[in-house]
Novice: 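Take this structure first; my questions come after.
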Number of protein chains: 2
Amino acid sequence: MSKIDSPDPEGLMLPVPGVDYGPLDGLLGYALRRAQNALYLDFYRATADWDVSPQRFAALVLIARNPGLRQGLLGQAMGLHRSGALRLTDWLTAQGWAERRDAPDDARAWGLYLTPNGKRRLVKLEAAVAAHDRALLAALGDSGAALKAGLERLAWVATAQSTAPDNQPRRQKP
Amino acid sequence: MSKIDSPDPEGLMLPVPGVDYGPLDGLLGYALRRAQNALYLDFYRATADWDVSPQRFAALVLIARNPGLRQGLLGQAMGLHRSGALRLTDWLTAQGWAERRDAPDDARAWGLYLTPNGKRRLVKLEAAVAAHDRALLAALGDSGAALKAGLERLAWVATAQSTAPDNQPRRQKP
DNA sequence: TATTGTTATACTCTATAACTATA
DNA sequence: TATAGTTATAGAGTATAACAATA
């Protein structure tokens, strides 16, 4: 059997020998992108049996931990626009893993809940993801905890820079 | 003047008070996603005057540092499929920042080069991105260098896990 | 037979804008 | 007048598949 078209390990952002990366190698942001690329692919491998993206996994967790969560609040927690939260919720309900119920206190809003099917799915996913994370931390050894703390600090610092009052040349869309 | 529809700081993956994040808060991968989200938005703010995504910036750098770079090699360095490298190159040439020239040794291939316009653009972009990175590192203090080293280690570890011979339940597409 | 790049197509993710129903 | 969610649409980004030219 011969390979058909592209059986390459695509998406694997490996440093290519002979290519000069110039200033990229020195940038914190580029190191972050490389790490996220590798981790994303590894997440897919670890959860290959269930075909759920990191984002969808996060949504399942948030709904499970906050039964009756508003669609809008789900979007806010995940950095999504309302319309993105809508599509995410549509997908989860189409899978039969989540459902919308009327919110008792506001007739405009939905409350989101996991179905029994969704709960069963999440139990397996959480186990796989936790095992995957433990394996990573084990491979990183002592530096793992420091790395996580550093990332949280970085998120905070970058957010502070973005939202500082003196730093507001916000992007203009055409 | 009143706001029209959605002037919210969208995309800003902030922890929402009152929402239980469950296991997400403990995951290295989730901390990484939060940091990348914040850094991405901050990158856009820092380069708002030029409207270039991190990916397009990286492509400009790679072409500048490796004149005559093949389209396919560009894609490989950036973790893209051939078709993705094509679209990226199309965009860069449409801006007048890069151009395709015949490769001397292989009539199938192109060599990629920056135009004078592209070079001028890159000089400004590199300065803005470098200043942005310096500001981040300054805000992080001593932990900045350790964080970068940790990220590089993480990328290596995750890649090793993904590609280990005993770990190959690769994702099947339908 | 394999590789480089192309065309055509499609799916995901995300956003904007305009709309409805409710507050 | 503002908010929760929806609809419609658009643009990135990325992938697959089939193809031509070249190696």
Side-chain angles (χ1 to χ4, degrees), chain A residues 1-13 33 37 40-41 44 51-56 58-59 68-76 78-94 100-112 170-174, chain B residues 1-13 33 36-37 40-41 44 51-56 58-59 68-76 78-94 100-112 171-174:
Chain A
M1 239 184 120
S2 137
K3 51 190 191 167
I4 315 288
D5 198 39
S6 351
D8 330 313
E10 221 89 51
L12 207 25
M13 228 175 108
R33 178 154 151 64
N37 173 264
Y40 188 84
L41 293 172
Y44 267 97
D51 203 6
V52 168
S53 71
Q55 197 192 30
R56 286 163 179 173
L69 186 68
R70 299 285 192 278
Q71 219 177 260
L73 208 55
L74 175 68
Q76 211 177 309
M78 300 188 58
L80 295 176
H81 190 267
R82 295 197 305 269
S83 61
L86 167 86
R87 294 188 54 143
L88 182 55
T89 305
D90 278 353
W91 189 88
L92 291 172
T93 57
R100 293 175 167 105
R101 296 189 208 153
D102 284 331
D105 54 320
D106 188 335
R108 295 171 301 181
W110 302 112
L112 300 179
R170 298 298 288 271
R171 176 167 234 76
Q172 314 255 44
K173 279 286 175 180
Chain B
M1 245 184 116
S2 135
K3 51 190 193 168
I4 316 286
D5 199 38
S6 349
D8 329 314
E10 220 89 49
L12 206 25
M13 228 175 107
R33 178 153 153 64
Q36 226 231 341
N37 173 263
Y40 188 84
L41 293 171
Y44 267 98
D51 203 7
V52 168
S53 69
Q55 197 191 28
R56 285 163 178 173
L69 187 67
R70 298 285 191 280
Q71 218 177 261
L73 208 56
L74 175 66
Q76 209 175 310
M78 302 189 55
L80 296 176
H81 190 266
R82 294 196 307 269
S83 60
L86 166 85
R87 292 186 57 144
L88 182 54
T89 305
D90 279 352
W91 189 88
L92 292 172
T93 57
R100 294 174 165 105
R101 295 189 209 154
D102 284 331
D105 56 320
D106 188 335
R108 296 170 301 180
W110 303 110
L112 301 179
R171 176 167 233 74
Q172 313 256 42
K173 281 284 175 182

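Bear in mind that the values here come from a model prediction, so they are computed numbers and not experimental data. Chain letters run A, B, ... following the sequence lines, proteins first, then strands; residues in each count from 1.
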Novice: Starting at CZ of A:Arg70 and ending at C1' of D:dT3, how long is that distance when rounded to a whole Å?
Specialist: 12 Å
Novice: Given atom CG of B:Asp51 and atom P of D:dG11, what is their separation to the nearest angstrom?
Specialist: 14 Å
Novice: Of all the heavy-atom pairs spanning A:Trp110 and A:Arg70, show the shortest one and how long it is.
Specialist: O-CD, 3.3 Å
Novice: Might you point out which heavy atoms bring B:Gln71 and B:Ala85 nearest each other, and give the distance in Å?
Specialist: O-CB, 3.5 Å
Novice: I'd like a table of atom pairs between the protein and nucleotides 20-23 of chain C - only N or O on both sides, under 3.5 Å - with the distance next to each one.
Specialist:
{"unit_1": "C:dT22", "atom_1": "O2", "unit_2": "A:Arg108", "atom_2": "NH1", "d": "3.4"}
{"unit_1": "C:dA23", "atom_1": "OP1", "unit_2": "A:Ala107", "atom_2": "N", "d": "3.1"}

Novice: Considering non-hydrogen atoms only, spot the tightest contact between A:Leu92 and A:Ala59 and give its length.
Specialist: CD1-CB, 3.9 Å
Novice: Out of curiosity, B:Thr89 OG1 to B:Leu74 CG, how far, rounded to the nearest 0.5 Å?
Specialist: 5.5 Å
Novice: What is the distance, to the nearest angstrom, from the CG atom on B:Leu86 to the C1' atom on D:dA18?
Specialist: 15 Å
Novice: Whole-Å distance between D:dG13 C1' and B:Leu74 CG?
Specialist: 15 Å
Novice: Nearest 0.5 Å, please: how far is CZ in A:Arg100 from CG in A:Leu86?
Specialist: 5.5 Å
Novice: Please report, rounded to the nearest Å, how far the P atom of C:dT6 is from the CG atom of B:Leu88.
Specialist: 12 Å
Novice: Are there any protein N/O atoms within less than 3.5 Å of an N/O atom in nucleotides 8-14 of chain C, and if so, which ones and at what distance?
Specialist:
{"unit_1": "C:dC13", "atom_1": "OP2", "unit_2": "A:Arg56", "atom_2": "NH2", "d": "2.9"}
{"unit_1": "C:dT14", "atom_1": "OP2", "unit_2": "A:Gln55", "atom_2": "OE1", "d": "3.4"}
{"unit_1": "C:dT14", "atom_1": "OP2", "unit_2": "A:Gln55", "atom_2": "NE2", "d": "2.6"}
{"unit_1": "C:dT14", "atom_1": "O4", "unit_2": "A:Arg87", "atom_2": "NH1", "d": "3.2"}

Novice: Rounded to the nearest 0.5 Å, what's the gap from CG on B:Leu80 to CG on A:Leu12? Could you check?
Specialist: 12.5 Å
Novice: What is the distance, rounded to the nearest whole Å, between atom CG of B:Leu112 and atom C1' of C:dT6?
Specialist: 14 Å
Novice: What is the distance, to the nearest angstrom, from the CH2 atom on B:Trp110 to the C1' atom on D:dA21?
Specialist: 12 Å
Novice: Round to a whole Å and report the spacing from CD of B:Gln71 to P of C:dT3.
Specialist: 17 Å
Novice: Determine the minimum heavy-atom distance between A:Leu69 and A:Leu73, stating which atoms define it.
Specialist: CD1-CD2, 3.8 Å
Novice: Looking at every non-hydrogen atom in both residues, tell me the closest pair between A:Arg33 and B:Met78 and how far apart they are.
Specialist: NH2-O, 4.0 Å
